[in-house]
Amino acid sequence: MDHILLNENFFSRNTNVVAKNLIGKRLVKIIRNENKKIRLVGMIVETEAYGYKSDEASHAYRGMTKRNRVMFGPVGRSYVYFTYGNHYCFNVTAKSKNQIAGAVLIRALQPEEGIQYMKDYRNINDLKLLTNGPGRITQAFCINKQHNDYDLTDISNDLYIEKGFNPNLVLATKRIGIKKSMHEYWRYILASKEENVIQLNKFVSNKKENIHYQICKLL
DNA sequence: TCGATGATTGAG
DNA sequence: TCAATCATCGAA
């Protein structure tokens with residue numbers, strides 16, 4: 001069964017390359033209900049890359065702290081942190097051999113399996129608002145601080161990332177909600193081209209008209 | 001120890 | 001547009 005999981009080699013690349021290539025993959029969490037295993041699954045449709053020095057918006061910018069230490073460790077691990085007094089954000093550590101630290105923030109998913117459980121955890125019924133934001137994902141998947149530093153390449157854990165499909169079109173834009181290094185196009189979103197018009201995936205967060213983007217993957 | 005703040009969200 | 005809300009960080 002291991003062949004369906006992303007492995008260490010996948011995450012041992014430049015953080016931006018991994019962020020781009022995570023689009024179309026599947027985040028899976030196994031929960032238990034009355035001794036039955038339930039799969040919560042969402043396809044990754046939006047990510048952001050965060051680096052080390054030169055990336056002022058990154059938690060790792062000023063070096064290692066108690067909170068960000070996972071970003072400096074092995075790749076393919078979860079980095080979960082608490083923010084704004086309310087929300088958890090879920091990241092995957094990823095960096096090439098010559099990078100000191102790096103992580104990819106998972107910003108939006110397209111719900112695929114276990115949708116009713118996600119709706120219950122979020123206490124909403126609107127599919128489009130279920131997992132279209134980093135804080136919404138962790139609430140829908142019941143991910144919190146205890147899921148920090150999980151090995152996401154190990155299928156014996158209840159949280160991992162599966163191979164998905166190869167998207168035709170991925171766009172790069174500026175990252176959301178930061179005040180530094182705002183010029184970098186390190187946010188990646190799933191899109192499609194329909195009758196020559198580019199359409200963002202409907203589960204992407206912070207959708208805006210006239211969004212400025214670069215096409216970074218087109219098959 | 002202490003004040004400032006944040007990779008957000010939901011309500012108005 | 002704005003308040004909620006608290007763990008974390010860096011300065012004192």
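These numbers come from a predicted model, not from an experiment. Numbers restart at 1 for each chain; the letters A, B, ... are given by sequence-line order, proteins then strands.
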Of the candidate nucleotides B/dG10, B/dT8, C/dC9, which contains the atom at the shortest distance from the side chain of A/Arg67? C/dC9
Specify the separation, in whole Å, of atom NE2 of A/His59 and atom C1' of C/dC9. 11 Å
A/His212 and A/Tyr185: aromatic ring centres closer than 6.0 Å? yes
May I ask you to verify if any side-chain N or O of A/Arg136 is less than 4.0 angstrom from the OP1 or OP2 atom of B/dG10? yes
Mark yes or no for a side-chain to base donor-acceptor pair under 3.5 Å between A/Tyr81 and B/dA7, with no hydrogen or angle criteria applied. yes
Interatomic distance, NZ@A/Lys202 vs CG@A/Leu127, rounded to 0.5 Å, equals 6.5 Å
I would like to know whether A/Ile30 and A/Asn157 meet side chain to side chain contact (heavy atoms under 4.5 Å, CB included); could you show each step before the answer? CA-CA 8 Å; A/Ile30 307 297; A/Asn157 285 330; over 6 Å; no
Proximity to the side chain of A/Asn91 - top-ranked nucleotide from B/dT9, B/dA7, C/dC9: B/dA7
Within this structure, what is the CZ-to-P distance between A/Phe90 and B/dT8, rounded to whole angstrom? 16 Å
Which residue lies more 5' along DNA chain B, comparing A/Thr83 with A/Gly135 via nearest heavy atoms: A/Thr83
With heavy-atom distances below 4.5 Å as the criterion, would you say the side chains of A/Lys207 and A/Asn132 are in contact? no
Walk me through whether A/Ile198 and A/Tyr213 qualify under side chain to side chain contact (heavy atoms under 4.5 Å, CB included). CA-CA 11 Å; A/Ile198 288 181; A/Tyr213 59 79; 3.4 Å; yes
In whole angstrom, what separates A/Glu48's CD from B/dG6's P? 15 Å
Whole-Å gap separating C1' (C/dG10) and OH (A/Tyr61): 14 Å
Among A/Lys20, A/Arg107, A/Arg175, exactly one meets salt bridge (Lys or Arg N to Asp or Glu O under 4.0 Å) together with A/Glu48. Which residue is that? A/Arg107
Answer with base, sugar-phosphate or nothing: what part of the nucleic acid does A/Phe82 contact at a heavy-atom distance below 4.0 Å? sugar-phosphate
Can you tell me how far CG of A/Leu40 sits from OH of A/Tyr117, rounded to the nearest 0.5 angstrom? 8.5 Å
Starting at atom OH of A/Tyr88, determine the distance to atom C1' of B/dT8, rounded to an integer number of angstrom. 14 Å
Between P on C/dC6 and NE2 on A/His87, what's the gap in Å once rounded to a whole number? 11 Å
Looking at C/dC6, B/dT9, B/dA7, which one has an atom nearest to any side-chain atom of A/Tyr79? B/dA7
Using centres under 5.5 Å plus planes under 30 degrees as the test, is A/Tyr84 stacked with B/dG6? yes
Heavy atom of residues 119-133 of chain A under 4.0 Å from DNA chain B: which residues? A/Arg122, A/Gly133
Which one, C/dA4, B/dG6, C/dT8, comes nearest to the side chain of A/Lys145? C/dT8
Spacing between A/Ile143 atom CD1 and B/dT8 atom C1', to the nearest angstrom: 16 Å
Under a 3.5 Å limit for both distances, which nucleotide forms a Watson-Crick or G-U wobble pair with B/dA7, could you say? none
Could you tell me whether the side chain of A/Tyr79 reaches within less than 4.5 Å of the side chain of A/Asn68, counting heavy atoms only? yes
Result for 5'-nearest mapping on DNA chain C, choosing between A/Lys66 and A/Asn86, is A/Asn86
Calculate, to the nearest 0.5 Å, the distance between atoms CG and CG belonging to A/Leu27 and A/Leu152 respectively. 8.0 Å
Given side chains that start at C-beta, do those of A/Phe10 and A/Lys25 come closer than 4.5 Å, heavy atoms only? yes
Rounding to an integer number of Å, can you tell me how far A/Arg62 CZ sits from C/dG10 P? 6 Å
Within residues 176-186 of chain A, those residues having any heavy atom closer than 4.0 Å to DNA chain B are A/Ile176, A/Gly177, A/Ile178, A/Lys179
